[in-house]
Amino acid sequence: MTESLLSLIISIIALLIALVTFFLRNRLASAPRTDGADSFSSRPLQLQAYERLALLAERIALPNMVSRLNQPGISALEMQRLLLETIKQEYEYNASQQIYVSAPTWEAVKSLKDQNMLIINQVAGTLPPDAQGIDLNRRLLEFVMNQSKGQLHTIVLEALSFEAKKLMK
């Protein structure tokens with residue numbers, strides 16, 4: 001992986017971390033909702049949405065996808081397509097949950113999807129044309145393990161948990 005590509009990816013991750021941190025700080029400072037009957041009737045749906053989005057974040061986390069989707073004998077290109085298609089399907093399946101969560105929370109989930117797709121494409125682009133799926137998986141795991149600021153899916157999970165806990169108070 002070239003230094004400029006790695007720098008770009010690290011910059012994107014740092015930006016996303018900063019956005020999530022900013023979001024969490026703003027949410028802590030805001031006043032609690034007092035919309036009575038409406039929040040009571042929608043609260044179970046909102047909690048379910050946070051639960052489903054937490055599951056989405058876990059399912060599209062790169063280490064989890066690599067271990068779940070690993071198929072010996074397929075090419076790196078086939079593995080790349082499988083990983084990308086899985087992310088798209090998981091995201092589309094849960095897209096309706098955005099109406100129950102705050103806009104910054106949904107943006108964090110969307111950023112996780114976009115970042116993971118970018119990483120998969122960038123890492124796959126560094127492999128030779130005859131690379132195997134196992135080579136792509138190994139490089140993806142190496143990349144994730146070398147992230148110094150933490151994994152974005154963990155940050156997104158923390159934001160989802162924070163929001164859900166606010167609803168339960």
Q) Looking at Val144 and Pro63, what are the two nearest heavy atoms and their distance? A) CG1-CG, 3.8 Å
Q: Kindly indicate whether the side chain of Tyr100, heavy atoms from C-beta on, has any atom under 4.5 Å from the side chain of Gln48.
A: no
Q | Rounded distance (nearest 0.5 Å) linking atom NE2 of His153 with atom CG of Leu160 | A | 11.5 Å
Q | N/O donor-acceptor pair under 3.5 Å between Asn70 side chain and Val66 backbone | A | no
Q. Is any side-chain heavy atom of Lys113 closer than 4.5 Å to a side-chain heavy atom of Glu90?
A. no
Q.
Evaluate Trp106 against Ile99 for side-chain contact (heavy atoms from CB on, under 4.5 Å), listing each step before the verdict.
A. CA-CA 9 Å; Trp106 181 250; Ile99 64 174; over 6 Å; no
Q. Roughly how far, to the nearest 0.5 Å, is CD of Glu85 from CG of Leu69?
A. 11.5 Å
Q: Provide the closest heavy-atom pair for Arg68 versus Arg59 in the form atom of the first, atom of the second, distance.
A: NH2-O, 3.1 Å
Q) Quick one: does Asn64's side chain have a donor or acceptor within less than 3.5 Å of a partner on Ile60's backbone? A) no
Q. Does Ser75 offer a backbone N or O that forms a donor-acceptor pair with the side chain of Glu78 under 3.5 Å?
A. yes
**Q.** Student check: side-chain heavy atoms of Gln115 and Val156 closer than 4.5 Å
**A.** no
Q: Report yes if the side chains of Ile120 and Leu62 come closer than 4.5 Å at any heavy-atom pair, otherwise no.
A: yes
Q: Could you state whether Leu53 and Leu47 fall into the same hydrophobic cluster, counting links through intermediate Ile, Leu, Val, Met, Phe, Trp or Tyr residues with side-chain heavy atoms under 4.5 angstrom apart?
A: yes
Q. Counting N and O atoms only, with roles assigned by atom type, does the side chain of Gln89 sit under 3.5 Å from a partner on the main chain of Thr86, one being a donor and the other an acceptor?
A. no
Q: Any chance you could measure Leu77, atom CG, to Leu82, atom CG, to the nearest 0.5 Å?
A: 11.5 Å
Q.
Apply side-chain contact (heavy atoms from CB on, under 4.5 Å) to residues Val101 and Glu163 and explain how you reach the verdict.
A. CA-CA 8 Å; Val101 300; Glu163 289 277 323; over 6 Å; no
Q) Would you find a donor on one side and an acceptor on the other, under 3.5 Å apart, between the side chain of Arg139 and the backbone of Ala124? A) no
(Q) Please give me the minimum heavy-atom distance between Arg43 and Leu167, naming the atom from each residue. (A) NE-O, 3.0 Å
(Q) Applying a strict under-4.5 Å side-chain criterion to I, L, V, M, F, W and Y, I'd like to know whether Leu84 and Val109 cluster together. (A) yes
Q. If you round to the nearest 0.5 Å, how far is CG of Leu141 from CG of Leu136?
A. 9.5 Å
**Q.** Check: Gln132 main-chain N/O paired with Asp135 side-chain donor or acceptor under 3.5 Å
**A.** yes
**Q.** Check: Ser111 side chain, Glu107 main-chain N or O, donor-acceptor pair, under 3.5 Å
**A.** yes
Q: Enter the distance from Gln46:CD to Met168:CE here, rounded to the nearest 0.5 Å.
A: 12.0 Å
Q: Starting at CG of Leu45, measure out to CZ of Arg52 and round the result to the nearest 0.5 Å.
A: 11.0 Å
Q) Does the pair Asn116 and Leu83 meet the rule for a side-chain contact (heavy atoms from CB on, under 4.5 Å), with working shown? A) CA-CA 9 Å; Asn116 284 355; Leu83 291 168; over 6 Å; no
Q: Take Tyr50 and Thr105 through the side-chain contact (heavy atoms from CB on, under 4.5 Å) test and state the conclusion after the steps.
A: CA-CA 9 Å; Tyr50 284 107; Thr105 299; 3.8 Å; yes
